[in-house]
Amino acid sequence: MVGRRILSAELRCPRVLRGADPDEMSRQLAGRRIAEIRRYGKFIVVSLSRDRRSASDGYLTIHLGMTGRLLLGGAPGKHTHAILTLDRGALLYDDSRQFGRIQFSTEFPARIARLGPEPLEIPFEDFAAGLKGRKTRIKALLLNQDFLRGIGNIYADESLFRAGIHPMAIAGRIRGDRARRLYEAIGQVLREAIAAGGSSISDYVDAEGRKGFFQFNHRIYQHTGQPCVTCGTIVRRVLVAQRSSHFCPTCQKR
DNA sequence: ATCGGTACCTGCACGC
DNA sequence: TGCGTGCAGGTACCGA
């Protein structure tokens with residue numbers, strides 16, 4: 001999409017725009033050219049410029065929430081909230097639960113600047129230092145985007161399972177070998193999930209509409225009531241930070 | 001400064 | 001068949 005020009009923007013759902021005025025946002029987008037697209041954790045930032053040469057003077061920040069989809073072309077549906085018509089093709093935003101959002105700003109968004117490091121880029125020493133002194137539960141910390149960017153409920157559970165750490169363990173008490181195991185597990189899980197094209201539980205598809213298949217490799221997520229793949233103990237579910245957390249009571253220690 | 005709880009939506013599976 | 005309940009890849013905001 002880089003290099004394409006936005007001819008027009010049809011913004012149908014003010015809720016997804018987080019209260020911004022659809023007409024005003026349409027005016028801002030129309031005529032701008034896509035200069036660069038980058039991902040920051042779960043956020044996608046589309047940098048826009050007025051012409052080919054000039055620096056970016058607009059940013060379209062997109063978050064898919066739980067059920068958001070960005071699709072190249074295709075027919076709009078019941079939950080299509082935005083249609084960007086480009087000089088070649090179209091970009092559609094679809095989101096049944098409307099937890100995702102699309103925002104326009106002329107400055108680089110401050111929220112992005114506050115995100116923690118990329119989990120696949122942070123050195124182990126920094127990760128271990130980040131755990132130090134934290135009184136929160138490790139599951140909640142892994143979901144906190146200011147700690148690390150990009151880890152969600154599935155990959156938090158899968159990482160903790162592989163590391164043998166209980167989701168309710170206090171973050172600051174994970175040190176040495178256990179911290180190292182968690183760090184390695186996060187890297188492993190994310191790399192495997194990316195290679196598998198992500199986890200398609202119900203809605204997720206890539207821009208071409210293809211499902212991922214990492215859901216077939218989940219070892220603990222939504223395995224409640226089934227035997228642990230390692231030891232056979234029945235997998236349990238607890239709430240941590242109001243999120244479902246799946247764990248093996250035998251393999252995962254506080 | 002940090003933490004937990006709540007609100008925001010729609011759709012689906014389940015039990016009755 | 002229809003209805004109520006609980007659950008679902010997330011974040012922002014509030015008060016403690």
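For the numbers below, each heavy atom of this structure counts, side chains included, while hydrogens, waters and symmetry mates do not.
Ion pairing of Arg219(A) with Asp157(A) is absent here, as no side-chain N (NZ or NE/NH1/NH2) approaches a carboxylate O to less than 4.0 Å.
Nucleotides dG5(B) and dC7(C) have their P atoms positioned 16 Å apart, rounded to a whole Å. Nucleotides dG9(C) and dC3(B) place their C1' atoms 24 Å apart, quoted to the nearest Å.
In this structure, Phe124(A) and Tyr183(A) have perpendicular ring planes: the angle between them is above 60°, well past the 30° mark. Taking the six-membered ring where the residue is Trp, Phe214(A) and Tyr155(A) present tilted rings, their angle falling between 30° and 60°. Ring orientation note: the planes of Tyr221(A) and His246(A) are nearly perpendicular, at an angle over 60° on the 30°/60° scale.
Sparse packing is recorded around CZ of Arg173(A), with 12 or fewer heavy atoms of other residues, nucleotides or ligands lying under 6.0 Å away.
Defined by atom type and a distance below 3.5 Å, a donor-acceptor pair is missing between the side-chain atoms of Asp57(A) and Ser49(A). Side-chain polar atoms of Arg97(A) and Thr67(A) form no donor-acceptor pair below 3.5 angstrom.
To the nearest angstrom, C1' of dA12(C) lies 14 Å from CG of Leu115(A). Rounded to whole angstrom, the span from the CG atom of Leu142(A) across to the P atom of dG9(C) amounts to 15 Å. The CG atom of Asp146(A) sits 11 Å away from the C1' atom of dT11(C) (whole-angstrom rounding). For the pair Leu64(A) CG and dG10(C) C1', the interatomic distance rounds to 11 Å; values are reported in whole Å. Following rounding to the nearest Å, Arg243(A) (CZ) and dG6(C) (C1') show an atom-to-atom distance of 15 Å. For Tyr40(A) and dG10(C), the OH to P distance is 21 Å, given to the nearest whole Å. Atom CG of Leu143(A) is separated from atom P of dT11(C) by 8 Å (rounded to the nearest Å). Rounded to an integer number of Å, the gap from CD of Gln222(A) to P of dG9(C) is 6 Å.
Under the 6.0 Å cut-off for aromatic ring centres, Phe108(A) and Tyr40(A) qualify, their centroids lying closer than that.
Arg162(A) is linked by a salt bridge (Lys or Arg N to Asp or Glu O under 4.0 Å) to Glu192(A), counting only residues two or more places apart in sequence or in another chain.
Of the possible polar contacts, none joining the Glu158(A) side chain to the Ala156(A) backbone as a donor-acceptor pair under 3.5 Å is found.
Sorted by residue number, the list of members of residues 164-174 of chain A with any non-hydrogen atom under 4.0 Å from DNA chain C is empty.
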*Can you give the dot-bracket line for DNA chain C, using ( ) for pairs inside the strand, [ ] for pairs that cross earlier ones, | for pairs with another strand and . for unpaired bases, where Watson-Crick and G-U count if both distances are under 3.5 Å?*
.|||||||.|||||||
_The test is side chain to side chain contact (heavy atoms under 4.5 Å, CB included); show your working for Ser199(A) and His218(A) and say whether it passes._
CA-CA 9 Å; Ser199(A) 301; His218(A) 293 170; 2.9 Å; yes
*Going through the distances and angles, do Arg181(A) and Glu184(A) end up as a salt bridge (Lys or Arg N to Asp or Glu O under 4.0 Å)?*
CA-CA 5 Å; Arg181(A) 286 212 307 279; Glu184(A) 299 297 342; over 6 Å; no
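Contact check, Arg237(A) against dA8(C): a side-chain N or O comes under 4.0 Å of OP1 or OP2. Dashed line: the shortest gap from a side-chain N or O of Ser244(A) to OP1 or OP2 of dC7(C) is not under 4.0 Å.
Residue-level contact check: Ile201(A) touches the bases, meaning some heavy atom is under 4.0 Å from a base atom.
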Listed pairs, N/O of protein and of nucleotides 12-16 of chain B, under 3.5 Å:
none

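For dG10(C), the glycosidic angle deviates from 0 by more than 90°, giving an anti base.
With respect to Leu84(A), the side chain to side chain contact (heavy atoms under 4.5 Å, CB included) criterion is satisfied by exactly one of Ile102(A), Leu91(A), Val46(A): Leu91(A).
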*Determine, for nucleotides 1-10 of chain B in 5'-to-3' order, which nucleotides have protein heavy atoms under 4.0 Å from the base (write B), from only the sugar-phosphate (write S), or from neither (write -).*
--SSSB-BBB
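Applying the 3.5 Å distance criterion, the base of dG11(B) shares no donor-acceptor pair with the side chain of Thr67(A).
Within the structure, salt bridge (Lys or Arg N to Asp or Glu O under 4.0 Å) pairs that include any residue of residues 112-135 of chain A comprise Arg39(A)-Glu118(A) (at least two apart or interchain).
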